[in-house]
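Worksheet for the structure shown next.
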Amino acid sequence: SITISCDAKISNLEFKSLQASSITSGPLTIASGVEVEAEYVKVTDCTNNKGNGGGIYNAGTLTLTNCTVSDCKAIYENSVPTSGRGGGIYSATGSDLTVEESTINNNEATVGGGIYTESTAQMIDSIVKNNTANSSNGGMGGGIYIGATGNFTMSGNSNVTENTAGANTNNASSYGGGIMCTGTMTMSGGEITSNKALASGVSTTNYFSFGGGISLYPLSAPGSFTMTGGTISNNEADYGGGISDQGLSLVLSGGTIGGTSYATGNKSSNGGGLYIGTLSAVSSTPPYQINGCNIKYNTSSRLGGGIALE
């Protein structure tokens, strides 16, 4: 493993097949208080056993421009219950992450297949593709997981696509095929498309999938999702093909949830475009505002092709 412990600019490098086994460092670690600018850097085929950050563990300020993080794994271990987070990148509390014109693909974890962030992070003109969050306990955030203290911004021509949370064989629920947000997220542009949240869906055990595109789920702190632009389309889950909101504040003032036809819209059993169902543990119902967002060409096999509210 390698740790960068001073301010640095790095370019045209490849970090390949590095190994780590820690929840506080990774194969490539950016130390706390350090500012690193990386350009045309590749991090590939790295593994963090029993740890977080299969490729990169960021505790400082990291800017990735024209970089690739691919084929990395953060492996969960039962004896370390907080492991298995951030298959490609783990960005810790107090850090800052910028991913610009970069690609995060083919990474694996239990939580946050591509990226896991507990702090400020922004994605600009970048791709998060074909990442997986899965375990026997389900999966959360196939592409991206935003923790309760996280604040994530998605803008420009960014694309979160073909990511998966969970599996059809899971005896557990799964959340957020593309993104799971338990903190704060703002989407002003880009696409969240062709992601899936999967679960066994056995009615006697209540294992279901929530949020094919995005799952919004409250934890220890109040969170929110604001959409002013962009498109959420062709995603699939049992509840909320496009978005499932189980208790976060929701503002939809622009953009589109759905496709250009039913073939490219979001699909679910309940709430093809949007499912809203507040958890019993939530003490009060958060505000929901829909004003200026197009919700169209979504389908549901049971309740609410466009919106289902429980």
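Partners of Thr132 under the side chain to side chain donor-acceptor pair (under 3.5 Å) rule, at least two apart in sequence or in another chain, do not exist in this structure. Scored by the side-chain contact (heavy atoms from CB on, under 4.5 Å) test, Leu18 finds Ile2, Phe15, Pro27, Cys46 as partners (sequence neighbours excluded). Contacts of Asn294 classified as side-chain contact (heavy atoms from CB on, under 4.5 Å), with partners at least two apart in sequence or in another chain: Thr256.
For Ser91 and Asn58, the side-chain atoms include at least one donor-acceptor pair closer than 3.5 Å. Side-chain N/O atoms of Ser194 and Asn234 include a donor and acceptor closer than 3.5 Å. No hydrogens or angles considered: a donor-acceptor pair under 3.5 Å links the side chains of Asn131 and Asn107.
The number of heavy atoms from other shown groups lying within 6.0 Å of NZ (Lys129) does not exceed 12.
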Check your understanding: Should Thr65 and Glu101 be marked as a side chain to side chain donor-acceptor pair (under 3.5 Å) after you check the CA-CA gap, both sets of side-chain angles, and the distance that decides it?
Key -> CA-CA 6 Å; Thr65 306; Glu101 297 181 359; over 6 Å; no
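A 4.5 Å side-chain heavy-atom check between Tyr288 and Leu252 finds every atom pair outside the cut-off. Taking the side chain as every heavy atom from C-beta outward, Met123 and Ile115 never approach each other to under 4.5 Å.
Using the six-membered ring where Trp is involved, Tyr175 and Tyr217 have ring planes that are perpendicular, over 60° apart on the 30 and 60° scheme. In this structure, Phe210 and Tyr239 have parallel ring planes: the angle between them is below the 30° cut-off, well short of the 60° mark. Under the 30°/60° scheme for interplanar angles, the aromatic rings of Tyr297 and Tyr262 are found to stand perpendicular.
Judged purely by atom type and a 3.5 angstrom limit, Thr182 uses its side chain to pair as donor or acceptor with the backbone of Ile146.
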